[in-house]
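Some notes on the structure that comes next.
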2 protein chains.
Amino acid sequence: MEHPPIDPSLGGKAEEQETREKILSAARQLMAQKGYKGATTRKISELAGVNEVTIFRHFKTKVAILEELLKDILDVRQQLEQGIQGEYADIKQLLVNYARTYFNLLVDRKEILMICMIEADNQPEVVKLFSSLPVTAVDVLCNKLKEFEEQGHLPKGDPCTAALMFISTFFYAFMAKYRVNVDLDIEEEKLFENASDILLQGINCKKTTKQ
Amino acid sequence: MEHPPIDPSLGGKAEEQETREKILSAARQLMAQKGYKGATTRKISELAGVNEVTIFRHFKTKVAILEELLKDILDVRQQLEQGIQGEYADIKQLLVNYARTYFNLLVDRKEILMICMIEADNQPEVVKLFSSLPVTAVDVLCNKLKEFEEQGHLPKGDPCTAALMFISTFFYAFMAKYRVNVDLDIEEEKLFENASDILLQGINCKKTTKQ
DNA sequence: AGTGCATGCAAGTATTTACATGCATGCATG
DNA sequence: CATGCATGCATGTAAATACTTGCATGCACT
């Protein structure tokens with residue numbers, strides 16, 4: 001019923017794109033909440049504001065919608081590595097920045113991540129997609145910490161566990177906020193900062209750090 | 001078809017209890033994997049090795065099964081507090097012990113926790129049940145750390161974030177292992193210990209701690 | 001004016017699913 | 001032996017669900 005703005009660069013496809021996007025968006029939202037089975041094609045069509053048949057004109061089957069949605073998780077490593085490459089005043093600033101980058105990546109993909117989590121056992125490939133984000137985040141951070149250790153900027157330790165703890169913290173904060181709606185009683189920026197402090201100094205350590 | 005061993009203490013109810021338990025166990029397993037909708041009464045009956053009708057002789061409706069399952073999460077605080085009360089050689093030992101206690105509590109309830117996570121948006125009360133475990137774990141640990149700070153065993157800091165980081169680590173490890181089947185490349189006991197070390201000393205700190 | 005294309009609407013189909021009913025079986029206990 | 005009780009089995013039902021088909025509408029572009 002809606003018609004495309006006259007935009008020659010899009011050809012005649014603007015309308016099609018729009019409905020397709022509306023369907024995908026509605027499906028993403030519903031599947032994240034209710035799971036694949038809970039997101040019926042009827043509900044999707046209602047939320048998208050289109051007729052149910054229209055869904056099947058755009059997607060051969062319901063799983064095709066899911067498969068389309070799942071394409072959005074990939075290529076995360078690059079963004080994470082970018083967030084860790086720049087110049088920072090000190091390691092703490094790097095950590096705070098990395099925490100923010102990672103948390104925002106999670107939030108940007110929250111619906112798809114939820115779908116993967118919920119559907120983990122029904123769609124096996126989904127597992128890899130889901131886990132790839134935190135696993136990559138741990139890996140990238142771990143490598144950076146190792147680098148610091150080799151350069152003498154950090155004492156030798158267990159960078160993998162450290163990275164795991166750091167990433168876990170924001171993974172949990174993310175789940176608490178967007179899946180379970182628990183209030184953690186701490187602002188995100190404050191959490192990034194305090195967690196970075198604790199990761200660096202621990203809770204039992206005098207603050208005697210250089211730089 | 002099976003008949004109860006002659007056990008007067010159980011009266012004539014042993015048989016009934018047994019099938020009931022078989023149904024609950026099958027439902028727990030399936031719902032944790034496939035979600036509430038994915039666990040059809042037919043599949044439950046097959047896994048339980050009973051006839052589908054038998055399910056409805058024991059439970060009025062399918063949700064009644066779910067409700068029954070959800071009763072198992074409660075009363076966690078007591079167990080967590082017990083695990084933190086005893087005498088320990090040093091704070092690190094206390095942390096390692098607490099980590100183990102918490103992780104085991106998660107593992108013991110893994111199916112129900114997964115169900116809660118998956119069904120979070122469909123069964124609203126479920127959310128509270130699910131979140132209660134990590135939230136309580138953070139709370140109990142946070143209180144203990146505050147106590148240490150007041151007694152001068154730890155410098156003043158941010159015990160809440162510290163507790164959150166610690167609990168998050170094992171929450172993530174738990175999810176990785178039991179939901180996503182990711183191998184973290186570290187044994188659990190080792191993880192408990194290394195995480196405790198890092199929480200206490202950080203990664204940028206000379207080991208000059210009294211305990 | 002005419003053609004194509006995306007969509008809406010009404011109706012239908014085959015399957016799945018939660019749940020019901022009636023009947024038969026077999027053990028246990030009085 | 002008789003009664004009760006838990007279960008199996010066959011069958012049924014009403015709703016939901018993924019997906020189909022046929023037809024009408026209205027905009028866009030030629």
Side-chain angles (χ1 to χ4, degrees), chain A residues 1-27 30-31 33-69 115 119 122-123, chain B residues 1-27 30-31 33-69 115 119 122-123:
Chain A
M1 277 317 193
E2 281 162 47
H3 305 103
I6 295 145
D7 182 355
S9 73
L10 288 172
K13 293 288 185 77
E15 192 168 0
E16 188 186 344
Q17 281 295 338
E18 222 173 89
T19 6
R20 190 184 164 85
E21 269 315 308
K22 280 195 287 182
I23 294 168
L24 283 173
S25 163
L30 283 172
M31 288 183 187
Q33 276 175 24
K34 317 276 183 184
Y36 177 78
K37 288 211 166 194
T40 66
T41 51
R42 165 163 303 208
K43 283 183 196 159
I44 293 172
S45 74
E46 282 167 6
L47 186 61
V50 302
N51 194 280
E52 199 180 346
V53 252
T54 304
I55 291 181
F56 294 100
R57 294 207 180 96
H58 282 271
F59 302 93
K60 200 168 158 50
T61 62
K62 189 184 163 189
V63 271
I65 306 179
L66 178 61
E67 282 159 11
E68 189 67 29
L69 289 178
I115 297 174
E119 237 50 51
N122 303 322
Q123 317 279 339
Chain B
M1 276 316 195
E2 283 161 45
H3 304 103
I6 295 147
D7 182 356
S9 76
L10 289 173
K13 293 289 186 74
E15 192 167 358
E16 186 186 344
Q17 280 295 336
E18 223 172 86
T19 6
R20 190 183 164 86
E21 267 318 307
K22 278 195 288 184
I23 294 169
L24 283 173
S25 164
L30 283 172
M31 288 183 187
Q33 277 175 25
K34 317 274 183 185
Y36 177 79
K37 286 212 166 194
T40 65
T41 52
R42 165 163 302 209
K43 284 183 195 157
I44 293 172
S45 74
E46 281 166 6
L47 186 61
V50 301
N51 193 281
E52 200 180 347
V53 254
T54 304
I55 291 180
F56 293 100
R57 294 205 178 101
H58 282 272
F59 302 93
K60 199 166 157 53
T61 63
K62 191 185 164 191
V63 271
I65 306 179
L66 177 61
E67 283 159 8
E68 188 68 29
L69 289 176
I115 297 174
E119 237 48 52
N122 302 323
Q123 316 280 340

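Letters A, B, ... are given to chains in the order of the sequence lines, protein chains preceding strands, and every chain is numbered from 1.
Atom CD of Glu46(B) is separated from atom C1' of dT16(C) by 13 Å (rounded to the nearest Å). Atoms CD1 (Ile23(A)) and C1' (dA6(C)) sit 11 Å apart, rounded to a whole Å. Atom CZ in Phe59(A) sits roughly 18 Å away from atom C1' in dT20(D) (whole-Å rounding). For the pair Ile55(A) CD1 and dT20(D) P, the computed distance is 12 Å after rounding to whole Å. What separates NZ of Lys34(B) from P of dT16(C) is a distance of 16 Å, to the nearest Å. For Arg57(B) and dA18(C), the CZ to P distance is 17 Å, given to the nearest whole Å. We find that CD of Glu18(A) is positioned 16 Å from P of dC27(D), with the value rounded to whole Å.
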Please tabulate the protein-to-nucleotide N/O contacts below 3.5 Å involving nucleotides 10-14 of chain C, giving atom names and distances.
none

Can you give me the N/O atom pairs linking the protein to nucleotides 16-18 of chain D at distances under 3.5 Å, or say none if there are none?
{"unit_1": "dA18(D)", "atom_1": "OP1", "unit_2": "Lys62(A)", "atom_2": "NZ", "d": "2.8"}
{"unit_1": "dA18(D)", "atom_1": "OP2", "unit_2": "Thr41(A)", "atom_2": "N", "d": "2.9"}
{"unit_1": "dA18(D)", "atom_1": "OP2", "unit_2": "Thr41(A)", "atom_2": "OG1", "d": "2.8"}

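Shown here are the salt bridge (charged side-chain N to carboxylate O under 4.0 Å, His left out) partners of Glu68(A), two or more places apart in sequence or in another chain: Arg20(A), Lys71(A). Residues meeting the salt bridge (charged side-chain N to carboxylate O under 4.0 Å, His left out) test with Glu52(B), sequence neighbours left out: none. The side chain to side chain contact (heavy atoms under 4.5 Å, CB included) search around Ala39(B) returns Leu30(B), Met31(B), Ile44(B), not counting sequence neighbours.
Counting only Watson-Crick and G-U wobble pairs whose two distances sit under 3.5 Å, DNA chain C takes part in these stems of three or more pairs: C:1-30 with D:1-30.
Taking every heavy atom of both residues into account, Ile65(A) and Ala27(A) meet most closely at CG2-CB, 3.6 Å. Among all heavy-atom pairs drawn from Leu69(B) and Ile115(B), the shortest one is CD1-CD1, 4.1 Å. Heavy-atom minimum distance, Phe59(B) versus Ile23(B): CE1-CG2, 3.7 Å.
Atom NZ of Lys62(B) is separated from atom CD1 of Ile55(B) by 9.5 Å, given to the nearest 0.5 angstrom. Note: Leu66(B) CG to Leu24(B) CG = 10.5 Å, rounded to the nearest 0.5 Å.
The main-chain N or O of Arg42(A) is found under 3.5 Å from a side-chain atom of Ser45(A) such that the two form a donor-acceptor pair. Side-chain N or O atoms of Lys37(A) include none that pairs as donor or acceptor with a backbone N or O of Lys34(B) at under 3.5 Å.
The shortest distance between the side-chain N/O atoms of Thr54(A) and the OP1/OP2 oxygens of dA6(C) is not below 4.0 Å.
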